[in-house]
Amino acid sequence: MSERVDNEKAAQILEEIADMLEIQGESVFKVNAYRRAAENIRSLGRDLSSMVQDGSIFAVEGIGKAIGEKITELVTKGRLEYYEKLSQEVPRSLLEILEIPDMGPKRVKAVWEKLKVTTIEELEEAAKSGRLAELPGFGPKSVARILAGIEERKRALETHRIPLVSAWILAEMVKEGLLGLPGLRIEVGGSFRRKKETVGDLDFLVSSHDPEAAVERFCSLPMVQKVLLRGSKKASVLFKGSIQGDLRVIERSRWGTALQYFTGSKEHNVQMRELALKKGFSLSEYSFKAVDGGDEILCAEEEEVYAFLGLPWILPELREGRRAVDEALKGNLPNVVNEEDLKGDPHVHTLWSDGFSSIEEMVLSAKEKGLRWIAITDHSAALAVAGGLDTARLRSQMVEIDDVNRKQTSVRVLKGVEAEILADGTVDVPGDLVDELDIVIGSLHLSMRQSREEITRRYLKAIRHPRVHIIAHPTGRLLGQRQGMDADWEVIFEEASRTGTILEINANPYRLDLPDYLAALANEKGCLFSIGSDAHRTSQMELLHFGVSVARRAWINKDRIVNTWELDKLLDWAKSKHDRL
DNA sequence: GCCGTTTTCGGCCCGACTGTTTTCAGTCG
Ligand SMILES: Nc1nc2c(ncn2[C@H]2C[C@H](O)[C@@H](COP(=O)(O)OP(=O)(O)OP(=O)(O)O)O2)c(=O)[nH]1
Ligand SMILES: [Mg+2]
Ligand SMILES: [Mg+2]
Ligand SMILES: [Zn+2]
């Protein structure tokens, strides 16, 4: 019996194949082809199995005949002979050694062949016994670095990616610590600037009149646990908490090319550099250099880099993979949403259920943010654990909302509910009051461990409900804590699109749900979106921008996001749902 | 292994830092 191979699993297998091939000494281009295919599969919203069925898998960038056939075998049979054969040849534990800093494929191959080392424990033993230092290319210093890497790995248990919001706090501390450098310009690049939901490290780009001092200050920041590497132009450190920090120092006149480089993604950089080569220039973080040895062109701002290649400036959130340059050349970049475009927040909790702020406090917070309306959407009765409101309490809440709306008019308060989608797909909408509700959110907190088929059926039923306007946090994932539910998202999104049921991008930074890659699929299916703070206290309304980032990363045009609509349009849209069924 | 408004074969981004090396390979960003 074999398990269903989902996209993530398939991507992992392709990455393992890449690692194993690389250890065997295969061509880096072949190895990169597997890595690129894996990366592209991760960004697919559609299930591989359905793409194998209709053959569209072969149309995915970076997937040709060989890899396409392997994926086909993998998802139809649940196993892949080529992978199993490779796994026989290359011990799996060698792939763990690859995770030790400074242990790349060449060195892993060397210790395996010459010292018969296949595990981290054996590597540690070989290092301590002095055998490792005798290998060509190794010496006392590299052995010490490797041992330190092994120790750090034991200490940190898991070197994992951290949520964007946690990185934010650390980044602010680092920036503060560098204040006062002469002529300082600083920006966080990498996945942080691209607003990826998690970041693997923090990448700081700095220019200063005193570059040496910049490196020095960075390496001696109080939150630095260890300096991993330090030169005149860059440094890498391990912050306390085992998150890595990379610093790159650059002349102000080269800021544009440097920021473009350090923002990535790697694939985007490669594509930019390939495009430059086609135009006869070699692009690096320093400049464009004419390949024929002619002039060097410096770019002080990022816009100039893109302009030089005939491209509009590309938003960092769009710079994943190789899509952005292709679409930019065709003039197909999305008209993305900005936080200022949001006129309201359609998902807010209060003291009435499991929130910690009153309706009035939430209104005040919304007003400060410049919002013109919010929807109070406390939980429905079925979610008793979260203090769900029965009909009587909901009626009382409505009285309070009317009252708040009378007292002030700057923020219009909508009457809503976050209604539980029950195990059989019926929605816990309070029948008596349904005509008085402006907005009904349907969401699922109970029986989340049902099968893929059952979850899909539940959502389809909820989407077909004439009163359910928004489906909130569809996958139910909690970053770093809980995997999202499995469901046939393609079918769900098609039905949401057909019925005009709005899909939420939950802006809570531990949810970000829909996640970017699924929101992108829903966008292709023509769905509408709402960005909801799901605030349970006033301060959480400040988190809306995380949802904005997800929407941008999903290439959604702002007119598909209902927060940007005039309120009347949204209310009309909600009222007319039965016409679209 | 993938890919192609100059290609179906011959390319595939470019540079910093480290340690070990007598001139550069390996790793990483
Ligand atoms: N041209 C080029 N640029 C690279 C390469 N590797 C990394 N970069 C650039 C682009 C990356 O966004 C940036 C920072 O590298 P990181 O390894 O920190 O990656 P990134 O921040 O994108 O993702 P992360 O969340 O840290 O794993 O450096 C490369 O091989 N070539
Ligand atoms: Mg990074
Ligand atoms: Mg980095
Ligand atoms: Zn909620």
Side-chain angles (χ1 to χ4, degrees), chain A residues 14 17-18 21-23 25-40 58-71 82 97-111 132-146 148-149 189-191 200-205 211 215 219 227-237 244-250 254 257-289 291 309 322 325-326 329-330:
Chain A
L14 291 179
I17 290 174
L21 289 175
E22 201 171 27
I23 289 172
E26 258 292 357
S27 140
V28 294
F29 303 111
K30 184 166 165 178
V31 169
N32 279 340
Y34 278 95
R35 295 229 166 93
R36 187 171 158 201
E39 185 74 17
N40 290 342
F58 290 96
V60 175
E61 173 102 49
I63 295 181
K65 188 167 183 295
I67 295 181
E69 283 172 355
K70 287 185 176 71
I71 291 168
Y82 177 76
I97 300 185
L98 269 184
E99 292 167 17
I100 308 281
D102 294 343
M103 286 299 295
K106 299 277 171 34
R107 288 174 148 191
V108 169
K109 184 175 160 70
V111 300
L132 185 59
E134 283 160 20
L135 288 187
F138 290 84
K141 289 192 176 168
S142 38
V143 168
R145 285 176 73 101
I146 288 161
S191 49
D201 67 1
L202 280 173
D203 303 292
F204 297 91
L205 183 68
V215 173
C219 290
V227 178
L228 300 172
L229 140 182
R230 172 183 179 154
S232 65
K233 300 174 175 63
K234 65 185 266 188
S236 289
V237 300
Q244 188 172 322
D246 293 327
L247 171 75
R248 191 65 204 259
V249 186
I250 199 91
R254 304 179 190 272
T257 43
L259 184 59
Q260 194 287 316
Y261 153 72
F262 218 30
T263 299
S265 64
K266 179 192 169 202
E267 293 73 22
H268 177 73
N269 288 357
V270 169
Q271 198 183 12
M272 290 285 285
R273 289 163 183 217
E274 285 172 357
L275 182 61
L277 283 174
K278 280 186 205 148
K279 296 179 184 277
F281 289 88
S282 168
L283 169 61
S284 74
E285 59 267 48
Y286 293 105
S287 64
F288 288 98
K289 275 197 182 117
V291 173
L309 295 175
R322 296 177 63 97
V325 172
D326 290 341
L329 283 169
K330 289 186 264 174

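We use all heavy atoms of the structure for the numbers below, so side chains are in, but hydrogens, waters and symmetry mates are not. Please read these numbers as outputs of a predicted model, since none were measured by experiment. Below, read A as the first sequence line, B as the second, and so on, with proteins coming before strands; counting in each chain starts at 1.
At the heavy-atom level, Asp203(A) lies under 4.0 Å from the strands shown only through sugar-phosphate atoms. Among the atoms of the strands shown, only primed sugar atoms or phosphate atoms (P, OP1, OP2) are found under 4.0 Å from some heavy atom of Ser282(A). Within 4.0 Å (heavy atoms only), Tyr34(A) reaches sugar-phosphate atoms of the nucleic acid but no base atom. At a threshold of 4.0 angstrom between heavy atoms, the contacts of Gln271(A) with the nucleic acid are absent. Here Glu26(A) lies out of heavy-atom contact (under 4.0 Å) with every strand. When heavy atoms are screened at a 4.0 angstrom cut-off, Pro105(A) is found touching the sugar-phosphate backbone but no base atom. Heavy atoms of Lys266(A) sit under 4.0 angstrom from at least one base atom. Nucleic acid contact class of Asp102(A) (heavy atoms, under 4.0 Å, all strands): sugar-phosphate only.
Distance check: Leu247(A) CG to Phe262(A) CZ gives 7.0 Å after rounding to the nearest 0.5 Å. Rounding to the nearest 0.5 angstrom, the gap separating the NZ atom in Lys266(A) from the CD atom in Gln271(A) is 13.5 Å.
Between the side chain of Asp203(A) and the backbone N or O of Asp246(A) there is no donor-acceptor pair closer than 3.5 Å. Put simply, the side chain of Arg107(A) gets close to the backbone of Asp102(A): a donor and an acceptor are under 3.5 Å apart.
If Leu283(A) and Leu98(A) are placed on DNA chain B by their nearest nucleotide, the residue sitting closer to the 5' end is Leu283(A). Each of Leu228(A) and Lys289(A) was assigned the nucleotide of DNA chain B with the nearest heavy atom; the assignment lying further toward the 5' end belongs to Lys289(A).
Between dG26(B) and dT21(B), the distance separating the two C1' atoms is 12 Å to the nearest Å. Separating the C1' atom of dT8(B) from that of dT18(B) is a span of 42 Å, rounded to the nearest Å. Rounded to a whole angstrom, the distance from the C1' atom of dG29(B) to that of dC13(B) is 12 Å. Comparing dT6(B) with dG11(B), their C1' atoms are spaced 14 Å from each other, to the whole Å. For the C1' atom pair drawn from dG19(B) and dT23(B), the interatomic distance equals 13 Å after rounding to whole Å. Look at the P atom in both dC12(B) and dT5(B): the space between them is 16 Å, to the nearest Å. Between dT20(B) and dT27(B), the two P atoms lie 14 Å apart (nearest whole Å).
Scored by the ring-ring contact (aromatic ring centres under 6.0 Å, His included) test, Tyr34(A) finds no partners at all (sequence neighbours excluded). For the side-chain contact (heavy atoms from CB on, under 4.5 Å) test, residues two or more places apart in sequence or in another chain that qualify with Glu61(A) are Arg36(A), Asn40(A), Arg322(A), Asp326(A).
In this structure, dG10(B) forms a base pair with dC3(B), meeting either the Watson-Crick or the G-U wobble geometry with both donor-acceptor distances under 3.5 Å.
In this structure dT20(B) sits in the anti conformation; its chi angle is more than 90° from 0.
Among all heavy-atom pairs drawn from Leu132(A) and Phe138(A), the shortest one is O-CB, 3.3 Å. Considering every non-hydrogen atom in both Ser284(A) and Thr257(A), the closest pair reads O-CB, 3.6 Å.
Nucleotides of DNA chain B lying under 4.0 Å from heavy atoms of chain A occupy a range whose first and last members, 5' to 3', are dG1(B) to dG29(B).
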